[in-house]
Amino acid sequence: MDELKKQLETHRAGQVLDVGTGSGRFIPTLLKLFSGIEQITGMDTDMDSLRQAEAMYAGHGKIQFKPMDASNMGFADGTFDTVCISNALHHLPPGAQVLEEMKRVVKRNGLFLMNELVSDKPNEAQLTHILYHHFSADIDQRLGIYHHHTYTRQEVRDIVTASDIRIHWTYEYNEPKPDVMAERDIHLVTNACKQHMERAKAFEDYAAFAEQGNSIIERLKTVGIQRPTQLMIVGGLED
């Protein structure tokens, strides 16, 4: 990530917006990558996640959180110098206005940073994560919650360019995971699989979902789990 940080050295982050911030997991990356941060505003509609974020960053004078719908932001045009979104593109249904709103609230010479998990060329442990994500996404979709499968690298680029955001740089990285068989992670994802199977209990084809969930649990025991490669795209409204 040092290489990307060097590329961003000439950009003064100023007012930063983190769209779909959740519990604020992407904020440490923003603090590491950018210089000249005046304030980071994290926004989300999930109040439980925002409460976790507020507790985590309590006392940090440059970080604030706002409950807000990303498709209808309550900010004036050109409010932010830097607008970011991390691992949320696959939650945006077709026709969602989120990227248009991001373009509206960024300054004309501002910067976009988009970060998304990608599904192509995984190792075995990363494939476990992808299969688990697809499993949970399929159940969400059946329950009326939009949740797309993990995108490929090209699909992420296509989403960005289709929104008339010009790509300046792309960067890929893998989060360090010394032990893909870590007991804690296997326990957490095993329980999560069981919870998703419970959510699918009323489905007519529940047996197929149960088989899928149990196969992921067995896979966890043999190859472990690791987050897939993440693709970062830095772009802007101008060349």
Side-chain angles (χ1 to χ4, degrees), residues 1 3-5 7-8 11 13 16-22 25-26 29-30 33-34 42-45 69-73 75 77-78 80-123 126-142 144-175 226-239:
M1 204 170 288
E3 179 185 341
L4 180 59
K5 186 174 181 178
Q7 290 177 320
L8 294 170
H11 175 69
V16 180
L17 177 65
D18 186 28
V19 177
T21 193
R25 286 187 60 183
F26 195 53
T29 301
L30 300 179
L33 285 176
F34 288 109
M43 53 165 287
D44 208 297
T45 54
D69 181 357
S71 63
N72 185 23
M73 300 183 195
F75 301 115
D77 296 359
F80 296 95
D81 303 279
T82 309
V83 177
C84 310
I85 187 168
S86 178
N87 291 320
L89 290 180
H90 60 276
H91 288 291
L92 305 184
Q97 292 298 302
V98 176
L99 295 179
E100 289 302 309
E101 279 290 272
M102 290 169 61
K103 287 162 57 181
R104 181 183 67 80
V105 301
V106 76
K107 293 178 181 177
R108 191 68 204 168
N109 62 345
L111 206 66
F112 295 100
L113 177 63
M114 301 180 179
N115 183 63
E116 187 75 9
L117 299 171
V118 292
S119 62
D120 36 346
K121 301 179 182 177
N123 63 36
Q126 289 174 327
L127 181 57
T128 304
H129 189 290
I130 292 165
L131 293 171
Y132 165 72
H133 176 234
H134 291 184
F135 174 58
S136 64
D138 288 343
I139 293 172
D140 279 348
Q141 286 280 103
R142 184 71 70 86
I145 303 164
Y146 186 82
H147 194 170
H148 199 282
H149 284 187
T150 314
Y151 288 117
T152 65
R153 289 162 171 82
Q154 190 58 52
E155 286 172 333
V156 175
R157 292 186 182 97
D158 290 346
I159 290 168
V160 174
T161 54
S163 301
D164 292 327
I165 295 171
R166 291 168 175 81
I167 296 175
H168 299 334
W169 313 298
T170 61
Y171 177 81
E172 296 182 14
Y173 73 100
N174 287 290
E175 295 179 2
Q226 179 183 5
R227 282 170 72 82
T229 299
Q230 301 192 59
L231 175 67
M232 275 194 184
I233 293 179
V234 179
L237 297 176
E238 300 176 340
D239 291 329

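Sequence positions, counted from 1, serve as the residue numbers for this chain.
Judged purely by atom type and a 3.5 angstrom limit, Asn87 uses its side chain to pair as donor or acceptor with the backbone of Leu117. Listed for the Glu116 side chain is a donor-acceptor partner under 3.5 Å among the backbone atoms of Ala88.
The side chain to side chain donor-acceptor pair (under 3.5 Å) check on Ser163 picks up nothing, with sequence neighbours excluded. Take Glu3 and apply the side chain to side chain donor-acceptor pair (under 3.5 Å) test, not counting sequence neighbours, and it matches no residue. For Asp44, the side chain to side chain contact (heavy atoms under 4.5 Å, CB included) criterion is met by Thr21, Asp46, Leu50, not counting sequence neighbours. A search for salt bridge (charged side-chain N to carboxylate O under 4.0 Å, His left out) contacts involving Arg153 returns Asp120, Glu172, not counting sequence neighbours. In terms of the side chain to side chain donor-acceptor pair (under 3.5 Å) criterion, Gln97 has no residue partners (sequence neighbours excluded). Remark: Thr229 pairs with Asn174 by the side chain to side chain donor-acceptor pair (under 3.5 Å) rule, at least two apart or across chains. For Phe135, there are no ring pair (Phe, Tyr, Trp, His ring centres under 6.0 Å) partners, not counting sequence neighbours. Ser136 pairs by the side chain to side chain contact (heavy atoms under 4.5 Å, CB included) definition with His133, His147, His196, not counting sequence neighbours. Residues meeting the side chain to side chain contact (heavy atoms under 4.5 Å, CB included) test with Asp138, sequence neighbours left out: His149, Phe209, Gln212. Take Ser119 and apply the side chain to side chain contact (heavy atoms under 4.5 Å, CB included) test, not counting sequence neighbours, and it matches Ile130, Thr150, Thr152. Take Phe80 and apply the ring pair (Phe, Tyr, Trp, His ring centres under 6.0 Å) test, not counting sequence neighbours, and it matches Phe75.
Under the salt bridge (Lys or Arg N to Asp or Glu O under 4.0 Å) criterion, the residue pairs touching residues 85-101 are Glu100-Lys103, Glu101-Arg104, with sequence neighbours excluded.
Each of Thr82, Ile85, Leu30 was checked for a side-chain contact (heavy atoms from CB on, under 4.5 Å) with Asp18, and the lone residue meeting it is Leu30.
Of all the heavy atoms in Cys84 and Phe26, the pair that sits closest is CB-CE2, 4.3 Å.
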